[in-house]
Amino acid sequence: MSIIREINKLRRKKNAIILAHYYQIPEIQDIADFVGDSLDLSRKSANTNADIIVFAGVNFMAETAKILSPGKKVLIPDPEAGCSLADSCPAGEFRKFRNKYPDNIVVSYVNASAEIKALSDICCTSTNALRIIESIPRQQKIIFAPDRNLGDYLNRLTGRDMVLWDGSCHVHEEFSLERIMLIKNENPEAKLISHPECQKPLLIASDFVGSTSSLLNYVSEDSCKKYIVATESGILHQMKKNNPDKHFIPAPPLDSTCGCNDCKYMKLHTLDKIYTSLSDEKFEVLVDPSVVEKAVIPIRRMLELSFQPDLRHFLTWPST
Ligand code: 13P
Ligand code: SF4
C-alpha cells in the first residue's frame, strides 16, 4: 500500500499520468490513470494536459506518445520493454523492400519503430485496421507491415492483395492450436477468441477475432459464459473484473508447461519501477525531431480516420 501512496503523491505533485496497456500486470492496471489498447493509449497521449506521461507499455507505444506530444516528458519504467514484432522490421531493410514497390503506399501497424512510421503513409492498430484499409481506394496498391498474420487476415477480410512484410510477434505465434483444441474438447461450450496477430489456422478456428479492446467488448456483450482467450494473459484481469460471472481460460503456447502466454517485454514493468520512474524522471523516451516530423503524419491520419462516423468521406486518398 505504501508504494501506491508514494506513487499517488508523486503523480499529483508532478502533474503526471500513468498510462497502461491491457497486457500489464494487474497491480499496474489497477493504479493507472487510464488503461487501454494501443489506439486508446495514443489518443489519450495526444489529448492529455499532464506534464509527464509514465507509459506502462512497450517502447513503440511510448514513442507514439512522444511523437504525438513532443512537448511533454514521456517516461518508460523499464527501457528494455521492446517488442519482437517491431524488432522484426528494421528500418534499413524495410526501406529497400519499400523501394521494390514504387506504386504501393505503406500502411504500418503501430507495433513498429518510429523510423518505420516515418516511412509510412498511414498507420493502423488492430482496432481500426479494417476501417483504415477499407478507406483506401481498391485500385491503390498497398504494402502492409510489419505483421504478416494481421496483414493476411486483412487480405482475407477485404479481398485485397496487399504485399506483406514478413514480421510476427513471438507471443501470438506461439499459441498451440493442438493444445487449444484439447481444452475445447474438454469445454465444448467455451468460445475461442483471438487477437489477429495469431497464425491463420488459429484465426480460422476462432469464434471471434479482435484487438484487445474488441475482445473485451465482445466478452461483455456476448451471452456465452466461458472463453478460451488467445492473446497475452494480462488481458484476463480486465475480462474477469468486468465479467465476474464468466470463466476465462488462457490459451496455452506450444513449448511450455505453463498454461498461458506472457509478453516478456510488457511484463518488465513493476510498481517499484513506476515509482522510480516518477521520482527520478527516468527513463525518458526521446525521438529524433526529424523522425517525429515525418512519423506524426501517418499517426495523425490514422487518428482522424478512426473517429470519423462516415468513412465514405475519406475515399479520396491523399496523394503522398
Ligand atoms: P492492441 O492494439 O490490440 O492493444 O494490441 C497491442 C499489442 O501489442 C498486441 O500484441
Ligand atoms: Fe509486441 Fe507481441 Fe509483446 Fe504485443 S505481445 S508488445 S506485439 S511482443
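The figures that follow rest on heavy atoms only: side chains count, while hydrogens, waters and symmetry mates do not. Throughout, numbering of the chain's residues begins at 1 and tracks the sequence. Counting starts at 1 for both ligands and their atoms, following the listed order. Here the structure is a predicted model, which means the values were calculated and not measured.
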Output the list of atoms in ligand 1 that are nearer than 4.0 Å to some heavy atom of E197, sorted by atom number. 7 (C), 9 (C), 10 (O)

For ligand 1, which atoms have a heavy atom of H172 less than 4.0 angstrom away? 10 (O)

At a 4.0 Å threshold, what atoms of ligand 1 neighbour a non-hydrogen atom of S126? 1 (P), 2 (O), 3 (O)

Does only the side chain of Y23 get under 4.0 Å from ligand 1, or the backbone, or both, or neither? Count heavy atoms. side chain

Per-atom contacts, ligand 2 versus S84 - under 4.0 Å to a heavy atom: 8 (S)

Identity of the nearest option to atom 5 (O) of ligand 1, non-hydrogen atoms only, from M266, E232, H195: H195

Quick check: does Y109 get an N/O under 3.5 Å from an N/O on ligand 1? no

Is E197 in contact with ligand 2, taking contact as a heavy-atom separation below 4.0 Å? yes

Ligand-side contact atoms (ligand 1) for residue partner S211, heavy atom cut-off under 4.0 Å: 3 (O)

Any side-chain donor-acceptor pair under 3.5 Å between D288 and S290? yes

Between D147, T231, T212, flag the one that comes closest to atom 3 (O) of ligand 1 by a heavy atom. T212

May I ask you to check whether S213 has an N/O atom sitting below 3.5 Å from an N/O atom of ligand 1? no

Of the backbone and side-chain N, O or S atoms of H170, does one lie nearer to atom 1 (Fe) of ligand 2 than 2.8 Å? no

Is there an N/O/S atom in C263 at a distance below 2.8 Å from atom 3 (Fe) of ligand 2? yes

